[in-house]
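Here the structure comes first, spelled out in structure tokens, and everything after it is commentary.
Naming: A, B, ... by sequence-line order, numbering from 1 per chain.
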Amino acid sequence: MPELPDVEIFRRYLNATALHQEIETVRVHHDRVLKGVSKATLQRRLKGQELDQTSRHGKHLFAALSKKGWLMLHFGMTGFLRYFQVEDKKPGHVRMELLFTNGYRLAYDCQRMLGQVSLVKDPYTFAEKEKLGPDALEGLDFDTFRTAVSGRRGSIKSTLMNQEVVAGIGNIYSDEILFQARLHPAILANTLKDKDFENLYQCMDRVWKESIDAGADPEAMPDDFLLPHRSEEESCPRCRGPVKKIKISGRSGYYCPRCQKKDRGQRTDDSKKQS
DNA sequence: AGTACCACCTGACGGC
DNA sequence: TGCCGTCAGGTGGTAC
């Protein structure tokens with residue numbers, strides 16, 4: 001689940017629940033989710049501190065510690081946050097939890113443990129170190145986007161999903177953005193024209209706005225979104241034709257072959273030149 | 001600079 | 001019922 005819109009919702013959730021409260025205890029139930037920090041260090045560094053503010057870069061969530069440094073959370077494929085008080089509200093795969101002095105807890109649940117919890121200097125330094133591209137939502141202007149994507153030799157889908165190109169787009173939302181832009185996922189990034197980029201950029205912008213407004217819940221998304229119909233049993237929300245599955249760089253993508261043509265009038269352009 | 005394949009984990013699902 | 005292969009929205013490493 002956790003791509004940019006999901007992580008943005010987690011960030012707002014954390015803001016609305018766990019900010020400005022003293023951390024009394026840190027429980028680590030599974031060391032595997034810790035990256036570059038030991039259980040003891042994490043506990044020592046967080047104890048007595050508060051989470052002051054949050055930040056997000058791509059799929060990474062950061063919470064500033066009142067004293068120094070930031071807590072970094074990455075959610076892998078199955079991670080999420082839950083703020084609760086009573087034990088029976090506790091989700092099933094809590095790997096780490098912060099216990100606050102007010103009796104509430106913030107749990108990091110990650111069933112498959114493909115996510116990461118870490119302590120970092122600050123979000124900017126982390127993004128530099130990890131070679132993350134610009135965040136796909138915040139402060140990504142059109143020229144930066146076009147420069148980052150154009151010239152890449154892979155498919156547009158795998159290029160959008162490359163976190164070094166642009167940070168935050170995963171398998172699901174790359175499908176959605178390409179569906180909205182009516183671009184076939186296998187089109188090569190370096191064959192896109194300026195107007196394709198403008199279209200792609202605007203569609204991405206709309207996908208972020210709508211999906212975040214929907215709380216990243218597929219059920220609450222606009223009727224013309226592909227996201228709730230990612231299955232070959234489903235039909236295209238636009239033309240009602242069959243949805244098709246395709247493997248690209250090892251990932252399963254879904255698209256509408258009628259709305260997203262691979263061959264997009266190259267010949268039309270040529271014939272214009274000739275005539 | 002790409003892709004293919006494996007690995008890390010758990011769990012759901014379909015076929016037998 | 002149980003076993004097995006496959007698949008799942010994350011990333012990282014290696015080989016080509």
- Message: Can you measure A:His60 atom NE2 to C:dG12 atom P for me and round it to whole angstrom units?
- Response: 7 Å
- Item | Between C1' of C:dT11 and NE2 of A:His57, the distance in whole Å | 15 Å
- Task: For A:Glu50, enumerate each residue passing the salt bridge (charged side-chain N to carboxylate O under 4.0 Å, His left out) test, keeping only those at least two apart in sequence or located in another chain.
- Result: none
- Checking B:dT3, B:dG11, C:dG10 against the side chain of A:His93 (C-beta onward), the nearest is B:dG11
- Message: Taking side chain to side chain contact (heavy atoms under 4.5 Å, CB included) as the definition, give me every residue that meets it alongside A:Glu233, ordered by chain and number, with sequence neighbours left out.
- Response: A:Ser231
- Item | Qualifying residues under ring pair (Phe, Tyr, Trp, His ring centres under 6.0 Å), relative to A:Phe75, sequence neighbours excluded | A:Phe10, A:Tyr108
- Which residues in residues 150-171 of chain A have at least one heavy atom lying under 4.0 Å from any atom of DNA chain C? A:Gln163, A:Gly170, A:Asn171
- Note on the structure: Stems field, DNA chain B, Watson-Crick or wobble, 3.5 Å, at least 3 pairs, by first number, holds B:2-8 with C:10-16, B:10-16 with C:2-8
- Item | Length of the CG-C1' vector between A:Asn190 and B:dA1, whole Å | 11 Å
- Write out all pairs satisfying ring pair (Phe, Tyr, Trp, His ring centres under 6.0 Å) with one or both partners inside residues 212-257 of chain A, taking only residues at least two apart or from two chains. A:His184-A:Tyr255
- Item | Results of side chain to side chain contact (heavy atoms under 4.5 Å, CB included) for A:Glu97 - residues two or more places apart only | A:Arg27, A:His29, A:Phe84, A:Lys90, A:Val94, A:Leu99, A:Arg105, A:Ala107
- Item | P-based separation of C:dT1 from B:dT10 [nearest Å] | 24 Å
- Query: How far apart are the C-alpha atoms of A:Leu14 and A:Leu51, what are their side-chain angles, what is the distance that settles it, and do they pass the side chain to side chain contact (heavy atoms under 4.5 Å, CB included) test?
  - Reply: CA-CA 9 Å; A:Leu14 196 160; A:Leu51 305 178; 4.1 Å; yes
- Query: With rounding to whole Å, what would you report as the distance between C:dG9 and B:dG2 at their P atoms?
  - Reply: 22 Å
- Task: In whole angstrom, give me the gap between the P atoms of B:dA4 and C:dC7.
- Result: 15 Å
- Which nucleotide in C:dT11, C:dG9, B:dT3 has an atom nearest any side-chain atom of A:Lys59: C:dT11
- Message: Does the Lys NZ or Arg CZ of A:Arg230 fall within the cation-pi geometry relative to A:Phe179 - under 6.0 Å from the ring centre and within 45° of the axis?
- Response: no
Distance-only donor-acceptor pairs under 3.5 Å for side chains of residues 137-144 of chain A, two or more places apart:
| residue | atom | partner | partner atom | Å |
| --- | --- | --- | --- | --- |
| A:Asp141 | OD1 | A:Asp143 | N | 3.2 |
| A:Asp141 | OD1 | A:Thr144 | N | 3.0 |
| A:Asp141 | OD1 | A:Thr144 | OG1 | 2.9 |
| A:Asp141 | OD2 | A:Thr144 | OG1 | 2.9 |
| A:Asp143 | OD1 | A:Arg146 | NH2 | 3.0 |

- Task: Not counting sequence neighbours, which residues clear salt bridge (charged side-chain N to carboxylate O under 4.0 Å, His left out) with A:Asp213? List them please.
- Result: none
- Item | Donor-acceptor under 3.5 Å (A:Gln49 side chain, A:Lys67 main chain) | yes
- Whole-Å gap separating C1' (C:dG10) and CG (A:Leu61): 15 Å
- To the nearest angstrom, the CG-P distance between A:Asp217 and C:dG9 comes to 18 Å
- With a 4.0 Å heavy-atom cut-off, tell me which residues in residues 250-258 of chain A come close to DNA chain C, sorted by residue number. A:Arg251, A:Ser252
- Message: Just to be sure I understand the geometry, which residues of residues 107-130 of chain A put a non-hydrogen atom under 4.0 Å away from DNA chain B?
- Response: A:Gln111, A:Arg112, A:Met113, A:Leu114
- So what does A:Lys245 hit on the nucleic acid, given a heavy-atom distance under 4.0 Å: a base, only sugar-phosphate, or nothing? sugar-phosphate
- Task: Using the C1' atom on both, measure B:dC5 against C:dT6 and round to a whole Å.
- Result: 16 Å
Side-chain donor-acceptor distances from residues 244-251 of chain A under 3.5 Å, at least two apart:
| residue | atom | partner | partner atom | Å |
| --- | --- | --- | --- | --- |
| A:Lys247 | NZ | A:Ser252 | OG | 3.4 |

